[in-house]
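As structure tokens, the structure follows; a few thoughts come after it.
Count residues from 1 along the sequence.
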Amino acid sequence: MAVELCLLLLLLFCGSTVSEVQPIYKPPPGTLDFGFVPSKTYDTGAYHEPGPIGILFKIVHAFLYLVQPNPFPQDLIRKVAQQKFGNTQGDYQKAIYYEIGFIVSAALGLLFILLLPLVGLCFCMCRCCDNCGGEMHQRQKKNADCQRSCFATFLFVASLIISIGVLCAYAANQHLTSQVRGAKKLVNSNFKDLKVFLNDTPAQIDYLVSQYNTTKDKALSDLNNVGPLLGSRVQEQLGKEVRPALDAALTMAGAIRETKEALENVSVSVEVLQEGTERLHANLTDVKMHLSNTLNDSACSAAQAASTCNIIRNSLNQLNINANFSGLPGVSSQLAKVNDVLKIDLSSLVQKGYAAFNDTPDLVVNQTKNILSDIKNVLESIGSNISSFTKTLPVQKILADLTIYLTQSEAYVQDYFPLVEQYDFYRWLGCLILCCMVVLIVVFYYLGLLCGTCGYDKHASPTTRGCISNTGGNFLMAGVGFSFLFSWVLMIVVVLTFVTGGNVEKLVCEPFEDKTLFKVLDTPYLLNQQWKNYLSGMLFKNPNINLTFEKVYSDCKENKGIYTSLHLEHLFNINEFLNISMYTEDVALRIEHIQINLSKIILLDEIGKENLLNFSSSGIDGINFGAYLTEINKSVTKVDLLSFANDLEARADQLPKGALENALKGHANNIRMIHNQQVVPLEQAMSTLNQSIRLLKRTSSELMVKVKNVISAVNAAQLLINNNASLVIVQETKKYMDTIVGYFEQYIDWVKESIAMEVAACKPIANVIDTAVDIFLCSYVTDSVNTFWFGLGGSSIFLIPAIIFAVKLSKYYRRMDTEDVYDDVETIPMKNSVEQW
């Protein structure tokens with residue numbers, strides 16, 4: 001185990017150089033918040049931006065694509081790696097076909113190297129023999145000025161192109177040197193990040209372990225609140241039947257009280273109505289008698305009053321009572337029975353049932369104390385096991401060894417880096433000398449053009465040209481001489497760097513960028529003929545595990561955990577260590593043994609049930625509600641007394657003024673007084689009687705059935721508590737157990753996710769590979785070298801036309817020994833020798 005963990009940490013040691021910024025995260029409601037695995041910010045960034053010189057790099061890449069447009073030769077590389085190249089005749093043909101662009105270009109370069117010095121030698125010997133322009137004589141031509149201008153322009157353009165090329169080569173040379181010097185900072189940054197990683201790894205492990213306390217604390221909190229949680233759940237499930245039954249019993253208790261009040265109202269109202277109707281009948285009889293006496297007065301015999309008196313006399317029969325309450329049956333017996341029922345406080349009995357049922361959480365707490373204590377001990381032991389397991393791992397020793405190795409490696413790099421810088425200085429100096437060779441040639445050409453152009457006098461003959469013009473010609477010939485001397489040296493360097501840098505770009509950098517190189521490395525039995533997968537064979541001694549370079553690189557590029565990327569479960573299977581059953585089996589067993597007895601809960605005792613039955617037999621259903629409703633629906637009097645009084649007063653106004661009119665108005669006022677004092681109270685009593693009778697009628701409707709239903713519901717709920725509550729308790733205990741176990745599942749899932757994605761996220765491994773290959777080898781070295789040969793090679797090639805134009809142009813700038821002399825433009829020219837100084 002120690003060896004495996006050491007390998008794991010070594011792999012981690014090779015990586016962590018970059019840290020991702022963690023987003024702000026809020027856990028969903030009901031989940032545990034474990035926070036984030038602590039991680040430090042690293043300084044190294046595996047990304048290189050070349051800057052303005054990147055334009056030159058792109059131009060060189062485009063040129064290389066023209067030279068070598070063929071795809072990456074995977075089959076040939078595999079055969080070379082397996083030492084099988086050349087076994088078939090087609091291998092060399094494929095290799096030549098792939099390298100044809102480089103071969104042709106290199107061949108042209110070799111021709112340049114061989115021929116240009118030879119041509120220069122021949123050119124010098126030829127000029128020594130006064131040939132090849134060596135004769136200091138210039139023939140006069142009509143288009144001499146045009147030729148001179150063209151040669152000067154072409155030479156200037158060629159020199160300008162050579163200057164641009166040497167500037168590109170110089171820029172590439174400087175870029176490579178500056179990047180090599182800056183590499184020290186990158187190396188130091190990597191070592192710094194590795195030290196931070198070594199110091200941060202134990203904190204990450206401790207954080208994962210410490211977050212078990214979050215799970216334990218939440219589980220203990222739920223265990224301490226077993227009453228509100230488990231008890232309330234049981235109570236809630238049982239309450240679906242218990243509470244409606246108790247509510248019905250409580251409603252029936254209220255109905256008993258309402259029945260009593262209604263019976264009392266009926267008894268009082270009937271008594272009031274009976275007495276009131278008797279008084280009203282007597283008063284109405286007196287009113288009729290007095291009105292009859294008044295109408296018998298002689299004043300009613302007059303013609304003007306006779307008809308009115310007759311009408312009034314005929315309406316006297318309406319002054320009589322309409323409802324008769326004297327014959328209604330009494331309710332005293334029912335009221336007496338209901339009063340007997342109310343001697344027992346049914347509401348209080350029901351409230352006791354409520355209280356007993358609401359004590360369910362307390363019962364659960366009292367009956368689970370011992371089991372919960374055992375569960376808490378199990379949780380503590382689990383935490384101790386996790387802590388002790390992590391302490392047995394030799395993490396500190398391995399980290400100490402890695403720290404020593406890291407320190408030694410850093411010291412080694414620091415010791416040898418000055419040597420690298422020294423060799424780079426030699427390289428830089430050599431490349432600078434090559435650039436200076438080209439610059440020297442170009443300077444001679446530029447000076448020749450400057451002196452020749454400025455000192456040229458078109459009126460002077462070839463033998464009388466000025467010193468400045470002659471010096472310009474000499475500069476041009478000096479540039480030609482140095483071109484022959486240096487060009488082959490320049491081309492040797494160009495060919496060597498071209499073949500090397502171009503093939504590195506095509507065979508390493510480009511396939512690395514599109515991951516083709518990884519596909520080649522992942523070829524079965526490529527690096528080891530006995531191993532199908534080299535990486536898994538090296539790490540796990542099991543080449544049959546499907547672990548490829550491309551998959552590891554891609555996973556690390558996506559910043560996945562090194563445990564997931566390298567399939568380290570074959571070394572240390574975290575799933576076995578984090579098997580949820582290992583930690584929850586004891587907890588689940590103890591929770592399943594929870595036994596809760598609720599038989600002490602009494603919803604409604606026998607006294608209460610007997611009380612309900614007594615109420616159902618109180619006799620209120622035997623009341624003659626029809627007789628009551630018949631009289632209630634009648635009016636107190638046959639006629640509305642107010643209307644009768646108003647009508648009587650209106651008819652009195654029709655009579656002549658006198659005693660008769662006044663007497664009738666007095667009777668009208670008397671009738672109004674009777675209405676206000678006697679009829680209105682009777683109507684109020686009738687309204688009360690109406691409400692009470694209808695309430696009793698509703699209550700008495702199927703009273704026995706209602707009471708039996710209430711008792712049946714209470715009995716069913718009691719039966720559920722006594723006999724079937726165990727099933728509900730088992731179901732709710734299972735849910736409660738699932739909740740507790742769910743906390744462990746959340747913790748295990750979080751640990752697995754953290755190990756897979758956050759702990760030792762292996763993007764730094766990809767960054768190390770990118771830094772070594774993509775940045776240092778390709779961006780720093782290869783791109784700079786390719787740009788150097790591209791600029792130097794272009795300058796070298798354009799030396800050929802520059803030589804030709806310089807030789808041609810020097811003839812027009814240098815002072816000649818002889819010239820053509822004409823006696824007449826139409827005559828044949830004669831040669832005249834003129835001595836030149």
Side-chain angles (χ1 to χ4, degrees), residues 46-48 50 53-81 85 94-110 168-169 171-180 182-183 186 420 423-424 426-428 430-431 434 491-521 523 526-527 549-550 553 766 768-794:
Y47 177 75
H48 173 66
I53 200 173
I55 299 175
L56 294 178
F57 293 167
K58 293 181 180 179
I59 295 174
V60 175
H61 292 166
F63 176 77
L64 286 175
Y65 179 77
L66 293 177
V67 173
Q68 173 56 282
N70 300 318
F72 181 68
Q74 298 184 34
D75 294 337
L76 292 178
I77 299 299
R78 292 188 180 98
K79 289 184 177 181
V80 171
F85 182 79
K94 292 179 181 179
I96 293 173
Y97 176 77
Y98 177 78
E99 293 285 343
I100 188 65
F102 289 105
I103 293 174
V104 172
S105 300
L108 294 176
L110 292 176
C168 293
N173 186 37
Q174 289 296 116
H175 180 264
L176 179 56
T177 298
S178 63
Q179 297 303 327
V180 170
L186 183 62
V420 174
Y423 284 135
D424 180 71
Y426 295 151
R427 179 208 56 78
W428 172 83
C431 293
L434 294 175
M491 188 53 67
I492 289 176
V493 175
V494 169
V495 171
L496 292 177
T497 54
F498 165 72
V499 173
T500 303
N503 279 285
V504 170
E505 175 67 26
K506 286 294 182 178
L507 296 177
V508 178
C509 297
E510 289 185 0
F512 175 80
E513 185 177 359
D514 59 14
K515 299 181 182 180
T516 307
L517 191 61
F518 292 105
K519 295 180 180 178
V520 174
L521 293 176
T523 302
L526 177 69
L527 302 178
F549 289 98
E550 182 182 10
Y553 177 78
V768 168
I769 298 174
D770 290 340
T771 300
V773 180
D774 187 43
I775 294 179
F776 190 80
L777 177 61
C778 295
S779 296
Y780 286 2
V781 178
T782 304
D783 284 344
S784 298
V785 170
N786 287 338
T787 304
F788 180 79
W789 65 250
F790 181 76
L792 196 64

Excluding sequence neighbours, so at least two apart, what forms side chain to side chain contact (heavy atoms under 4.5 Å, CB included) with [X]?
X	value
Glu513	none
Phe790	Ile59, Val60, Phe63
Val499	Ala106, Val495, Asn503
Ile103	Ile96, Glu99

Positive for side chain to side chain contact (heavy atoms under 4.5 Å, CB included) with Trp789, one of Asn786, Thr787, Leu792:
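Checked Asn786, Thr787, Leu792 against Trp789; only one passes side chain to side chain contact (heavy atoms under 4.5 Å, CB included): Asn786.
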[X] side-chain N/O to [Y] backbone N/O, donor-acceptor pair under 3.5 Å:
X	Y	result
Gln174	Leu176	no
Ser779	Phe776	no
Ser178	His175	yes

How close do Val493 and Thr497 get, counting heavy atoms only, and between which atoms?
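Closest approach of Val493 to Thr497: O-OG1, 2.7 Å.
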Testing the basics here: between Cys168 and Gly791, what is the closest heavy-atom pair and its distance to 0.1 Å?
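Heavy-atom minimum between the residues: CB-CA, 4.2 Å.
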To the nearest 0.5 angstrom, please state how far the [atom1] atom of [X] sits from the [atom2] atom of [Y].
X	Y	atom1	atom2	result
Leu496	Ile492	CG	CD1	7.5 Å
Asp424	Trp428	CG	CH2	10.0 Å
Phe498	Glu505	CZ	CD	12.0 Å

Apply side chain to side chain contact (heavy atoms under 4.5 Å, CB included) to residues Val781 and Gln179 and explain how you reach the verdict.
CA-CA 9 Å; Val781 178; Gln179 297 303 327; over 6 Å; no
Tell me whether Leu66 at atom CG has more than 12 heavy atoms from other residues, nucleotides or ligands lying less than 6.0 Å away.
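Yes, because the 6.0 Å sphere around CG of Leu66 holds more than 12 heavy atoms from other groups.
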Is it the case that His61 and Asp783 place a side-chain donor and acceptor less than 3.5 Å from each other?
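Distance-only check passes for His61 and Asp783.
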State which residues pass ring-ring contact (aromatic ring centres under 6.0 Å, His included) with Tyr553; sequence neighbours excluded, sorted by chain then number.
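ring-ring contact (aromatic ring centres under 6.0 Å, His included) list for Tyr553, sorted by chain: Phe512, Phe518.
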Are any non-hydrogen side-chain atoms of Met491 and Leu110 less than 4.5 angstrom apart?
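The answer is no; the side chains never approach within 4.5 Å.
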Residue list, side-chain hydrogen bond (donor to acceptor under 3.5 Å, both in side chains) with Thr782, at least two apart or on another chain:
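Thr782: no side-chain hydrogen bond (donor to acceptor under 3.5 Å, both in side chains) contacts found.
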List for me each residue that meets side-chain hydrogen bond (donor to acceptor under 3.5 Å, both in side chains) alongside Lys515, sequence neighbours excluded, and say none if there are none.
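With neighbours one apart ignored, the set is Ser554.
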Partners passing salt bridge (charged side-chain N to carboxylate O under 4.0 Å, His left out) against Glu510 (at least two apart in sequence or in another chain)
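Glu510 satisfies salt bridge (charged side-chain N to carboxylate O under 4.0 Å, His left out) with Lys506 only.
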